[in-house]
Amino acid sequence: MNLSLPTQKTLIILVISIVTFFCFRESLNNQFTNWDDDYYVTNNQYIRAFTPHNLKVIFTQDITKNNYHPLCILSLAVNYHFAGLTPWSYYLTNILIHIANTILVFFLFIQLCRLLKLTESAGLFVASFGALWFGIHPMHVESVSWIAERKDVLYAFFYISGMLTYLSYHTQQYKKWLIFTLLLFIASCLSKPMAVVFPVSLLCLDLLLQRPIGFKLVLEKWHFFLLSLLVGGAAVYTQSRTGAVADFGVLTLAERIMYASYGFVMYVAKVFNPTHLSTFYPYPYRFITGELPSIYYAAPFLALGIIAIPGYIVYKWKRQFFHIYTFGMGFFIANVIFVLQFISVGAAIMADRYSYVAYIGLFFLLAVLAQGIAHKLSSAKAAIITALLLLSAGLAGICHERTKVWYTSETLLSDAIEKYPYRALLSYKWRGHYYLANGDLDKALEDYNLLATIRAADKVVLANIERIKIMKAMGGSIPMTNIPTQATNIDPTPYQTYLDSAITLLKTNDTGAAFIRYIKAIRANPSLAEKSLAENSNNLVQSQQYPLAILQYNMLLKLNASNPFYYFLRGCAYFGTNNMNAAISDWEIAGNMNNHDVQQSAAYNLSVAYDSVRKPKQAYQYVLKAQKLGYKTAPDFVEKLNSKANAAK
């Protein structure tokens, strides 16, 4: 049965909406978290009633102390009016707005394909997959399953609607559509200041539609750019006033370029591989030499490659599609450029929520590419669509599981700590607050003490430590007003004392406490702590104290995972305990790292290990590799492995 085009669109929209809802339905079971939900909802007195005073405050003051977004706060007030402090109603509203945004993306892509003169079936293909990916992508969970991020889905609703009315202005040339676009832009800015890049997004649409780029086109949007400057300036001022914007001298220009490039590369990478997601992505630790992990030095070149190589290929071989590539990549860049930490804001190097609108450009680009391949390989079109649906099902599954992380403050913050132990410092702090509020004093003290030990505790944390000590001594709770608000820093202790303490704790298998002491030693004397522990660990291997050596190398690798000697020597320790699989794993890692001495020794050791586990083919391959790398091997050993390998054929 052939369905009419409107019927097909309706059914596709219905299916995408249902799938999107089911991906996020677990959010309806989630509770309020202490990650800004308190500022926005649970402790926000101004959403409790629609009084003239409350409305005046909502529209004239920065209630949350980090940005001005009155329409977001107003929408939360509507939630409170109908449901009070019932969490599911807030999550349901976020989900419904997100579904509305997904439908808007569908119609946006339909309209773009029509203006590009693609066939109706091609447009339906692009819009269907593009909107589906927007609806179910795991990177969007943070924007939808976080109540305080209502501003994200809300500003996107007005933002995408504004793009649609701008396309109507382009096709009909009626000024009313431009006025509607401006009003929607204002509403978007009043929902979240990230909307300030909207005029640049309109220019990207102009590029896609191949309008002549010039002063006239920019002048047409002068009021949009003026509003962007005003809102953007106010946002920077607000963030600076709250201390969120780091002084420009804190990071060098090279560091800013590397961090911004890394963020760009990761946002693109997570389109295709949205795993290891976190609410917190910390800035990198430096190695003991002062160097950053190699990915940060490579990031600027990777970012340039991601932009330039596909662009060159399209321009060279499919020039008629170059404006489509320019739109997709340009839209993405325009919508992430101000959150790439070139100007450092906050303690995280990137955030999932910043991809919410930006990914529209990449989804359109990928959907057009997929449609082009399916059209070119018409005989394999069904297989291509099946593969895309399977990939989409994978995204949906990850998305569904990710929503469960937001169940409570504990699950949310523990997830970030699990991904970045000893680095997600704000997560330790907020989890400590959660435990304290729920009366779990021991767990709260554990999180707070960790921060204090590594000298990352602020006055609130230090005051709460004192509060907990008093509460435990008194056997009950005491008012916060009785707790000192000032606390002195921990007195510095020579690094050797901390290092000795770390080694002693390792002997008792208390690895967590040992790692904290080791961090303390590094902070006390960065130039000696790692060297001393490495020498001690090597001595343990030589003296055949393998279990303790393994524990110490575990600790060393947590802070310096780029040292091939640590993997190689831990492999030796594993071999000494007859843990062949672990030894092989470490030696293979070491053998792939850039150190010739380690490579040849690891290759020879792998030949011995594989021979021990009766894998002669691999053993013979590695002994040949060791010879090739210059390792002197006994001829009879090589011949023995050769004979075993031949016998195994």
Side-chain angles (χ1 to χ4, degrees), residues 1-25 27-28 91-137 140 143-144 153-154 156-172 177 180-181 184 205 208 324 356-357 359-372 374-375 378 381-382 384-397 399-400:
M1 181 176 64
N2 292 325
L3 300 175
S4 65
L5 189 64
T7 303
Q8 290 181 53
K9 289 180 181 177
T10 301
L11 289 175
I12 290 171
I13 289 171
L14 185 61
V15 169
I16 292 174
S17 299
I18 292 172
V19 170
T20 301
F21 179 81
F22 272 90
C23 283
F24 287 93
R25 74 184 189 279
S27 297
L28 299 177
Y91 288 112
L92 179 61
T93 305
N94 277 17
I95 294 170
L96 293 177
I97 297 174
H98 175 60
I99 291 174
N101 291 341
T102 303
I103 296 171
L104 287 174
V105 168
F106 178 87
F107 283 115
L108 175 66
F109 287 3
I110 284 284
Q111 185 70 354
L112 291 178
C113 291
R114 184 176 295 129
L115 291 171
L116 291 170
K117 295 183 171 52
L118 299 182
T119 64
E120 291 287 0
S121 61
L124 201 58
F125 184 106
V126 171
S128 299
F129 278 106
L132 176 64
W133 296 334
F134 179 88
I136 66 174
H137 202 279
H140 290 171
S143 297
V144 182
V153 292
L154 194 61
F157 176 80
F158 296 117
Y159 197 103
I160 303 167
S161 298
M163 293 175 68
L164 283 165
T165 57
Y166 183 74
L167 291 178
S168 296
Y169 166 72
H170 169 74
T171 55
Q172 301 177 26
W177 291 116
F180 288 153
T181 304
L184 288 166
L205 287 174
L208 180 66
I324 297 176
Y356 191 72
V357 168
Y359 273 5
I360 292 174
L362 295 184
F363 290 150
F364 182 73
L365 196 58
L366 292 171
V368 170
L369 175 64
Q371 191 279 326
H375 177 72
S378 56
K381 185 175 181 179
I384 292 171
I385 291 175
T386 301
L388 291 175
L389 289 174
L390 289 174
L391 288 171
S392 300
L395 291 177
C399 177
H400 179 265

J.: Out of I324, V368, L205, which residue meets the side chain to side chain contact (heavy atoms under 4.5 Å, CB included) rule with L112?
T.: L205
J.: Establish, yes or no, whether a centroid distance under 6.0 Å links the rings of F22 and H400.
T.: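 Ring-ring flag for F22/H400: false, centres at least 6.0 Å apart.
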J.: Calculate, to the nearest 0.5 Å, the distance between atoms CG and CG belonging to L124 and L5 respectively.
T.: 6.0 Å
J.: May I ask you to test the F158-L154 pair for a side-chain heavy-atom distance under 4.5 Å?
T.: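 Answer yes - side chains close enough.
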J.: Kindly indicate whether the side chain of I385, heavy atoms from C-beta on, has any atom under 4.5 Å from the side chain of K381.
T.: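 Yes, their side chains come closer than 4.5 Å.
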J.: Which heavy atom in S4 sits nearest to a heavy atom in T7, and how many Å separate them?
T.: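 Heavy atoms of S4 and T7 come nearest at OG-OG1, 2.8 Å.
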J.: Would you say the ring centroid of H137 lies under 6.0 angstrom from that of F363?
T.: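 That pair passes the under 6.0 Å test.
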J.: Check S143 against N94 and note the closest heavy-atom contact, atom names and distance.
T.: O-ND2, 4.2 Å
J.: Using modelled atom types only, decide if a donor and an acceptor are shared between the side chain of R114 and the backbone of Q111 within a distance under 3.5 Å.
T.: no
J.: I'd like to check L132 versus V15 (side-chain heavy atoms, cut-off strictly below 4.5 Å). Are they in contact?
T.: no
J.: Do you know which two heavy atoms are closest between A156 and V357, and how far apart they sit?
T.: CB-CG2, 3.7 Å
J.: Quick check: closest heavy atoms across A367 and F125, and the distance to 0.1 Å?
T.: O-CE2, 4.0 Å
J.: So, do Y359 and L362 sit near enough that their side-chain heavy atoms are less than 4.5 Å apart?
T.: yes
J.: Taking the side chain as C-beta and beyond, is there a heavy-atom pair between T119 and H375 under 4.5 Å?
T.: no
J.: Distance check, rounded to the nearest 0.5 Å: I110 atom CD1 versus I13 atom CD1?
T.: 8.0 Å
J.: Hey, is the main chain of I99 close enough, under 3.5 Å, to the side chain of T20 for a donor-acceptor pair?
T.: no
J.: Take I95 and S27, measure what side-chain contact (heavy atoms from CB on, under 4.5 Å) needs, and give me the verdict at the end.
T.: CA-CA 9 Å; I95 294 170; S27 297; 4.3 Å; yes
J.: Please step through side-chain contact (heavy atoms from CB on, under 4.5 Å) for the pair L28 and F21, ending with a clear verdict.
T.: CA-CA 10 Å; L28 299 177; F21 179 81; 4.1 Å; yes
J.: Write down the atom of L108, the atom of I360, and the distance for their closest heavy-atom approach.
T.: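 Looks like CD2-CG2, 4.3 Å.
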J.: Does the side-chain contact (heavy atoms from CB on, under 4.5 Å) test come out yes or no for F107 and L167, once each step is laid out?
T.: CA-CA 11 Å; F107 283 115; L167 291 178; over 6 Å; no
J.: Checking N101 side chain against I160 main chain: does a donor-acceptor pair fall under 3.5 Å?
T.: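 Answer holds: no.
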J.: Would you find more than 12 non-hydrogen atoms of other residues, nucleotides or ligands less than 6.0 Å from H170 atom NE2?
T.: yes
J.: Go through the steps to decide whether F24 and L92 satisfy the test side-chain contact (heavy atoms from CB on, under 4.5 Å), and finish with yes or no.
T.: CA-CA 9 Å; F24 287 93; L92 179 61; over 6 Å; no
J.: In the structure I gave you, are the side-chain heavy atoms of Q371 and F129 within less than 4.5 Å of one another anywhere?
T.: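 A side-chain contact under 4.5 Å is absent here.
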J.: Would you call F134 and I103 a side-chain contact if the rule is heavy atoms closer than 4.5 Å?
T.: no
J.: Specify the closest pair of heavy atoms between T102 and A131, including all atoms of both residues, with the distance to one decimal.
T.: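 Shortest heavy-atom separation between T102 and A131 comes out as CG2-O, 3.2 Å.
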J.: Taking the ring centre of each residue, are H98 and Y356 less than 6.0 Å apart?
T.: yes
J.: Working to the nearest 0.5 Å, report the span between CG of L104 and OG of S161.
T.: 4.5 Å
